Amino acid sequence: MERTLIKDLRGKIDQTVKLQGWLQTLRDQKKMQFLILRDPTGLVQVAHWKPNDEILASNIASLGAETALTIIGKVIDNPVVKLNQLEVQLESLVVENLAESPLPFDPFAETLPALDYRLDWRYMDLRRAYNYLLFQVQTTMEMAMREYWLKHDFIEIHSPKLMGTPSESGAELFSLDYFERKAYLAQSPQFYKQMAMAAGFERIFEIGPVFRADPSFTARHMTEFTGVDLEISWIDSHEDVMAFEENWLQYVYARVKELHGEAIKETFGVELVVPQVPFPRIPMRDAVEILKSRGYVLPADKKGDIDPGGEREIASYVKEIYDHDFVFLTDWPIGVRPFYHMRLAGDETLTRSFDLIANGLEITTGAQREHRPEILAKQALEKGLHLEPIQYYIDFFRYGCPPHGGFGLGLSRLLMVMLNLPNIREAVYIFRGPTRLNP
RNA sequence: GGGGGCGUGGUGUAGCGGCUAACAUGCGGCCCUGUCAAGGCCGAGAUCGCGGGUUCGAACCCCGUCGCUCCCGCCA
């Protein structure tokens, strides 16, 4: 017999069906046993008249909550039952996997354990419908991203995560033994995305792991996370990259709203707003002035940079003035940007770069890249870098590489913003942090 | 890496110098009942993170340590 999902039971009144799921609650009475069965699509009451089968009854009596069951029974329309006015009269039951009792915690209790404890028992925590929906949304997000990319002629790449030389600064880098030498875990696919531009791929994306040996303990950092990266050729400036990103994100939001808007409202209490394009753009120079005018005091050593508090302040300014949840902060000073960001024509102290702030959280950094090898090398030297380890990268641009740019976006950060989650550890399947390597 | 906060039965909390450590939930037993956030009674379960100190007396005060957490730095 084929399995029936709980959501489809209404259409199977008076038929015998097979259900598979978890024992959410057992109410064992003198003559009757009620098993509340859960599968990913819902809950249903299974009723057993004990005198029918006393052996089965005593079997059921011993079942712990969360036991995995296969149940066969007849679907009955019963207005008395509060749970969807529906019940299944039990005919037979197979215990697929008994749940030990007591459970480490009850995922369906009124008060949940602290997040850190729940992460210890992540597979129990993930049984909550809340988490199921969360990852359905993430799946749709990624699907929508890909739909949009494929419509726009993108190619997917998978760049290596084992590196022989540190890309960029060398800080925040995990190193490991690699036979007789040292290897590093990629803290960005940056160089390889650009290599694809040199390869003539023109438009590429990658969704893959990123590693940062960054000992930060915040609600928005992880040492391993999923990066969403893209790179496009033949751009005129970073404006082209921003224009692409906002349209792409608008599409992603629209798709998520289309498929999960109702469920998100119900479960997360969030009315998903598909963002209007274009997103507001504020050059950093103006952003600093805006903060000043609002009385926000930036730390003295910031030199054109903005701290997270300032980012939140700008976000609320944008909300007030533009009624928008997103804002591009553009034209960052060279001091706070990597050497490969192209400089702004007319002001060599600024870069053709941007961050995307969503509800006050930084979710993206992007830029037009410097594709002229001499200038790139010069900028690297200015930053105090040695050319030798990055020479292979500079060489990408020696044999005909189009002007290009792109961005990187944190998948979990986007999910966090979209569902208004307080902590990124809830927005990721398995969290990795400085003191968290298990499970 | 810097600063603040918190560690009490399985879990969530209360107690903050005199406790035989309280409550809820979960767990075990019994009773009642077509139950449905079920109800009632009984019971097991914590040397109050760990180490040291102050005190007649420490879960409570002090120091150290470990863990967690939040903020800052840094970032996606």
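Letters go in sequence order (proteins before strands), and every chain restarts at 1. Not measured: the values here are computed from a predicted model.
Ranking B:G73, B:A76, B:C71 by closeness to the A:Asp307 side chain, first place goes to B:G73. With distances taken from any side-chain atom of A:Pro308 to the nucleotides B:C75, B:C68, B:A76, the minimum falls on B:C75.
Of the C1' atoms belonging to B:G15 and B:G73, the separation is 38 Å, rounded to the nearest Å. Straight-line distance between the P atoms of B:G45 and B:G40: roughly 24 Å, to the nearest whole Å. B:U11 and B:U55 have their C1' atoms separated by 35 Å, with the value rounded to a whole Å. As rounded to the nearest Å, B:A44 and B:A21 have P atoms that lie 13 Å from one another. Taking the C1' atom of each, B:C48 and B:A22 are spaced 12 Å apart, rounded to whole Å. When the C1' atom is compared between B:C75 and B:C36, the two are found 50 Å apart, to the nearest whole Å. Rounded to whole Å, the separation between the P atoms of B:G43 and B:C50 comes to 28 Å. Comparing the same atom, C1', in B:C66 and in B:U54 gives a spacing of 23 Å after rounding to whole Å.
Remark: P of B:A76 and CZ of A:Phe354 are 11 Å apart, rounded to the nearest angstrom. Rounded to an integer number of Å, the gap from A:Gln29 CD to B:C32 P is 12 Å. As a whole-Å value, the separation of A:Asp120 CG from B:G12 P is 11 Å. B:U11 atom P lies 13 Å from atom CG of A:Leu103, rounded to whole Å. Regarding A:Gln33, its CD atom lies at a distance of 14 Å from the P atom of B:G34, rounded to whole Å. If you measure from atom CZ of A:Phe431 to atom C1' of B:C68, you get 12 Å, rounded to the nearest angstrom. Here the P atom of nucleotide B:A76 and the CD1 atom of A:Ile207 are 17 Å apart, to the nearest Å. In this structure, the CZ atom of A:Phe211 is 19 Å from the C1' atom of B:C74, given to the nearest Å.
Pairing for B:C56 goes to B:G18, judged as Watson-Crick or G-U wobble with the two contacts each under 3.5 Å. Across all strands shown, B:G7 forms a Watson-Crick or G-U wobble pair with B:C66, both key distances being under 3.5 Å. In this structure, B:A46 makes no Watson-Crick or G-U wobble pair, since no nucleotide meets both defining distances under 3.5 angstrom. Taking a pair to require two hydrogen-bonding distances under 3.5 Å in either a Watson-Crick or a G-U wobble arrangement, B:C41 pairs with B:G29. Pairing of B:G1, defined by two Watson-Crick or G-U wobble distances under 3.5 Å, is identified with B:C72.
The line from CG of A:Asp331 to CG of A:Leu344 is 5.0 Å long, rounded to the nearest 0.5 Å. The distance from the CD1 atom of A:Ile157 to the CZ atom of A:Phe201 is 8.5 Å, given to the nearest 0.5 Å. Rounding to the nearest 0.5 angstrom, the gap separating the CG atom in A:Asn438 from the CG atom in A:Leu119 is 11.5 Å.
At the heavy-atom level, A:Ala47 lies nowhere under 4.0 Å from the strands shown. If you check every strand for non-hydrogen atoms under 4.0 Å, A:Ser216 touches a base. In this structure, A:Tyr117 reaches the sugar-phosphate backbone alone: every heavy-atom distance under 4.0 Å involves primed, P, OP1 or OP2 atoms, never a base. Using a 4.0 Å heavy-atom distance criterion, A:Asn423 is classed as a sugar-phosphate-only contact. Across all strands shown, A:Gln85 has no heavy atoms under 4.0 Å from either base or sugar-phosphate atoms. Within 4.0 Å (heavy atoms only), A:Arg425 reaches sugar-phosphate atoms of the nucleic acid but no base atom. Among the heavy atoms of the strands, none lies under 4.0 Å from A:Phe105. The residue A:Asn78 sits close to a base: some heavy atom pair falls under 4.0 Å. Among the atoms of the strands shown, only primed sugar atoms or phosphate atoms (P, OP1, OP2) are found under 4.0 Å from some heavy atom of A:Leu112. Residue A:Gly408 is in sugar-phosphate contact alone, with no base atom involved, counting any heavy-atom pair closer than 4.0 Å across all strands shown. Residue A:Asp214 is classed as a base contact, given a heavy-atom separation below 4.0 Å to a base. Nucleic acid contact class of A:Arg337 (heavy atoms, under 4.0 Å, all strands): none.
Between A:Tyr251 and A:Tyr148, the angle of the ring planes lies from 30° to 60°, which puts this pair in the tilted group. In this structure, A:Tyr117 and A:Trp121 have tilted ring planes: the angle between them lies in the 30° to 60° band. A:Phe154 and A:Phe244 have tilted rings, their planes meeting at an angle from 30° to 60° on a 0 to 90° scale.
Surrounding OH of A:Tyr429 are at most 12 heavy atoms belonging to other residues, nucleotides or ligands under 6.0 Å away. Annotation: A:Ile55, atom CD1; neighbour count of heavy atoms from other residues, nucleotides and ligands within 6.0 Å does not exceed 12.
Residue-to-nucleotide proximity on RNA chain B shows that, of A:Pro113 and A:Lys30, the 5′-proximal contact is made by A:Pro113. Both A:Thr435 and A:Val81 sit near RNA chain B, but only A:Val81 has its closest nucleotide nearer the 5' end.
Of the options A:Ile72, A:Val88, A:Val75, a side-chain contact (heavy atoms from CB on, under 4.5 Å) to A:Thr16 is made by A:Ile72 and by none of the others.
For A:Arg413 against B:C75, a side-chain-to-base donor-acceptor contact under 3.5 Å is present. Residue-to-nucleotide contacts include no donor-acceptor pair under 3.5 Å from the side chain of A:Glu110 to the base of B:U25. Interface remark: the A:Gln45 side chain does form a donor-acceptor pair with the B:U35 base, using a distance-only criterion of under 3.5 Å. With hydrogens and angles left out, the side chain of A:Glu87 and the base of B:G34 share a donor-acceptor pair within 3.5 Å.
Between A:Arg312 and B:C72 there is a side-chain polar atom (N or O) within less than 4.0 angstrom of OP1 or OP2. Put simply, A:Thr365 has a side-chain N or O that comes within less than 4.0 Å of OP1 or OP2 on B:A76.
You cannot call A:Phe34 stacked on the base of B:G34; the centres under 5.5 Å and planes under 30° rule is not satisfied.
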